[in-house]
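In what follows, a single structure is set out as structure tokens and then discussed.
All values reported here derive from a predicted model rather than from experimental measurement. Positions are given from 1, in the same order as the sequence printed here.
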Amino acid sequence: MESMRSIIGICLIIFFFGSPVMASEQDKLTILEDNNEIPLFNNRFRIDHDIDKITLLFFRRQGSPAVVLVRPDGSKVYATQALKDDKLQWHDELSYDLIVMETPMPGPWQVVGQILPESKIMVIGDISLEVDTLPAMLFRGEIIKLTGRVLNDGQEVKIGHFREVIKMQVDFVSTNNNDYTNFGAGTEHVADFKDDGRGFDERPGDAIFTGEFRLDFASGEWRPEISLTTPLIQRKVVQEPVVVKDPPLQFEVVEGAKDESHELVISFDTSLVDPSSVLLQGRIFYPNNDEQAFSLPAQEGAQRILKISNYDWGHYSVEMDVFGTNTNGREFMATLPAYDFSIARPIEKVVELPVGPSPEELARIQEEAQKAKAMSSGLFYTLVALGNVLILLLGWGLIRVLVLKKTLFGKFNLLFWRKKQQSKNESSEVNSDGNGSKNGKSGEILNLSMSDD
């Protein structure tokens, strides 16, 4: 009993106990007994004179104000006093108060507030955490189930509402061993467990934390660290380093012909896993967004072949869970990273074109073409100029001859035929008519003589 009183970090926790208990006034102020329980009647309890430090945990109605402690001398202790008093720590939440006092005043104390009725105080001496030991060999992607227990002096603590105060977290810390790929990786936080009866946790409020987590970080050597955390109390369990290995499977794709299925060949590392114990299941995602579930049962041999429908070219993805037994005889379950592969688009056959000229020949052809183009351009401009000159000369000549009635070049008359025709006409007019008279343009001789008749 004396050793129990001298333990530093004693914690008083209030929990649901059952129906109200009738007792005498003497029982209402009870010294610590062997079962580490103090009945709480009329919100009263007693602190012994040998206690140097005490931790009190009061659960109250949700949303109610923080409790007030009354010392044996009648003075009061409020939550706000913790800001000025170094010997007082007070953590105030919506449903509980966690109080730590150094050198508390011995004698009967009283708590004022809406604490839960029908309660008892339990004294906790040495808070400790007991955690299942992790296997020495793990696989990346493996799902691990882990159980942790909170102990009071080596005994399990069974206290209602305990889940509201305490949680357990799981971390993996790199050992920085340069022989492994996780050298310098730091710390990986993988899970937080609560005693709330959800998920893998079996019962709420029994101070037993059960949960699972997935090893989805890099392979290598890691040191597991499991911590028990409360606002004012921390405990940590550091286990021996474990080696997280890459999944003991290898993949190879055999591309099928146009009307044949593709094959995903899965090979097992027999130094890490018993191939006859391995079952595989998962889903296949096709380029056209279709998906297909598959399952490959356990069988002899170090290989499995997964048939994948040939949906033409594009991107394929395979998600897979593996169940088996490793070479240490431990059964495991792992979710593997998605395996992706692509089928290339087929190349269409192109008609072969004739070979073109060599660079030298091409340069010569271009040079000749430029020369021919230059010559044709010069000839074109020359012909255009000559044509314009001829047109001007022809127009000038026609105007001079036809309009101005002049000769083109001196006495040379281009209208000589017209002159000749005019002469003929004049001579015919001079000829006499039937009476022998002459008629001309220059003058006429009229026969005025009378006939004999």
Side-chain angles (χ1 to χ4, degrees), residues 134-146 170 172 180-182 185 188-191 199-200 211-222 224 242-257 259-344:
L134 292 174
M137 183 177 67
L138 300 169
F139 296 117
R140 184 165 62 91
E142 185 175 350
I143 299 174
I144 302 296
K145 182 179 179 181
L146 186 66
V170 182
F172 279 72
Y180 295 92
T181 57
N182 67 327
E188 292 286 344
H189 177 68
V190 297
F200 282 84
E212 69 174 15
F213 54 87
R214 182 184 173 201
L215 304 177
D216 56 355
F217 45 83
S219 59
E221 188 177 58
W222 299 87
V242 297
V243 177
V244 179
K245 296 182 176 293
D246 287 321
L249 293 86
Q250 293 181 347
F251 301 95
E252 181 182 0
V253 175
V254 179
E255 185 176 346
D259 298 329
E260 298 179 355
S261 298
H262 306 302
E263 292 184 352
L264 180 62
V265 181
I266 306 169
S267 302
F268 304 117
D269 187 348
T270 56
S271 64
L272 299 176
V273 67
D274 179 10
S276 63
S277 68
V278 176
L279 299 94
L280 301 171
Q281 70 175 14
R283 304 190 73 83
I284 305 171
F285 297 90
Y286 291 96
N288 60 354
N289 293 327
D290 284 349
E291 59 181 78
Q292 175 189 356
F294 71 89
S295 178
L296 298 178
Q299 63 184 36
E300 296 295 333
Q303 284 188 345
R304 303 283 192 277
I305 297 179
L306 175 63
K307 297 285 187 180
I308 300 176
S309 300
N310 190 345
Y311 278 17
D312 211 347
W313 59 273
H315 180 76
Y316 294 75
S317 181
V318 181
E319 294 182 354
M320 188 180 305
D321 294 330
V322 55
F323 307 84
T325 305
N326 64 14
T327 51
N328 294 335
R330 181 180 64 87
E331 294 185 351
F332 69 92
M333 174 181 64
T335 299
L336 304 183
Y339 180 78
D340 302 326
F341 66 95
S342 297
I343 302 299

Fill in: salt bridge (Lys or Arg N to Asp or Glu O under 4.0 Å) contacts in which one or both residues fall within residues 274-300, not counting sequence neighbours
R283-E291
Worksheet item: Under the salt bridge (Lys or Arg N to Asp or Glu O under 4.0 Å) test, which residues partner R304, sequence neighbours left out?
Response: none
Item to complete: Starting at CD of Q303, measure out to CD of Q250 and round the result to the nearest 0.5 Å.
Response: 10.0 Å
Response to the item:
For S271, the side-chain hydrogen bond (donor to acceptor under 3.5 Å, both in side chains) test, sequence neighbours excluded, returns D269
Worksheet entry | Whether N182 side chain and E221 backbone form a donor-acceptor pair below 3.5 Å | yes
Fill in: Closest approach of A302 to T270 (non-hydrogen atoms, all atoms of both residues)
CB-CG2, 4.1 Å
Item to complete: Could you check if a side-chain atom of F139 sits within less than 4.5 angstrom of a side-chain atom of N326, using non-hydrogen atoms only?
Response: yes
Fill in: Pairs touching residues 246-255 that satisfy salt bridge (Lys or Arg N to Asp or Glu O under 4.0 Å), sequence neighbours left out
R140-D246
Fill in: All side-chain hydrogen bond (donor to acceptor under 3.5 Å, both in side chains) counterparts of T327, not counting sequence neighbours
none
Worksheet item: Considering residues at least two apart in sequence or located in another chain, which fulfil the side-chain hydrogen bond (donor to acceptor under 3.5 Å, both in side chains) criterion with R214?
Response: none
Discussion item. Can you give me the closest heavy-atom contact between F268 and G301, atom names plus distance?
Written reply: CD1-O, 4.4 Å
Item to complete: State, yes or no, whether a side-chain contact exists between I143 and F213 at a heavy-atom distance under 4.5 Å.
Response: no
Worksheet item: Between V318 and I308, is any pair of side-chain heavy atoms under 4.5 Å apart?
Response: yes
Fill in: Nearest heavy-atom neighbours spanning A298 and L279
N-CG, 4.0 Å
Worksheet, complete the sentence: Sorted by chain and residue number, the salt bridge (Lys or Arg N to Asp or Glu O under 4.0 Å) partners of K307 (sequence neighbours excluded) come out as E263
Discussion item. Looking at G220, is its backbone amide N or carbonyl O close enough to the side chain of T181 to form a donor-acceptor pair, meaning the two atoms are under 3.5 Å apart?
Written reply: no
Worksheet item: Atom CG in L138, atom CZ in R330: separation rounded to 0.5 Å?
Response: 5.5 Å
Worksheet entry | Set of salt bridge (Lys or Arg N to Asp or Glu O under 4.0 Å) partners for E188, sequence neighbours left out | none
Worksheet, complete the sentence: Residue set satisfying side-chain hydrogen bond (donor to acceptor under 3.5 Å, both in side chains) with Q292, at least two apart, ordered chain then number -> Y286
Item to complete: Begin from the C-alpha positions of L134 and F172 and carry the test side-chain contact (heavy atoms from CB on, under 4.5 Å) through to its verdict.
Response: CA-CA 11 Å; L134 292 174; F172 279 72; 3.6 Å; yes
Worksheet item: Checking T325 side chain against S277 main chain: does a donor-acceptor pair fall under 3.5 Å?
Response: no
Worksheet, complete the sentence: Residue set satisfying ring pair (Phe, Tyr, Trp, His ring centres under 6.0 Å) with F323, at least two apart, ordered chain then number -> none
Worksheet item: N310: what forms a side-chain contact (heavy atoms from CB on, under 4.5 Å) with it, not counting sequence neighbours?
Response: H262, Y316
Worksheet entry | Point-to-point distance, once rounded to the nearest 0.5 Å, from CG of L272 to NZ of K245 | 6.0 Å
Worksheet entry | Any side-chain heavy-atom pair of L249 and L280 under 4.5 Å | yes
Listing, residues 331-344 side-chain donor-acceptor contacts under 3.5 Å, not counting sequence neighbours, or none:
unit_1 : atom_1 : unit_2 : atom_2 : d
T335   : OG1    : D321   : OD1    : 3.0
D340   : OD1    : S317   : OG     : 2.7
S342   : OG     : H315   : ND1    : 3.4

Practice prompt. Give the minimum heavy-atom separation between V253 and L264, together with the two atoms involved.
Written response: CG2-CD1, 3.8 Å
Item to complete: Before giving the answer on side-chain contact (heavy atoms from CB on, under 4.5 Å), spell out for V190 and I144 the whole-Å C-alpha distance, their side-chain angles and the decisive distance to 0.1 Å.
Response: CA-CA 11 Å; V190 297; I144 302 296; over 6 Å; no
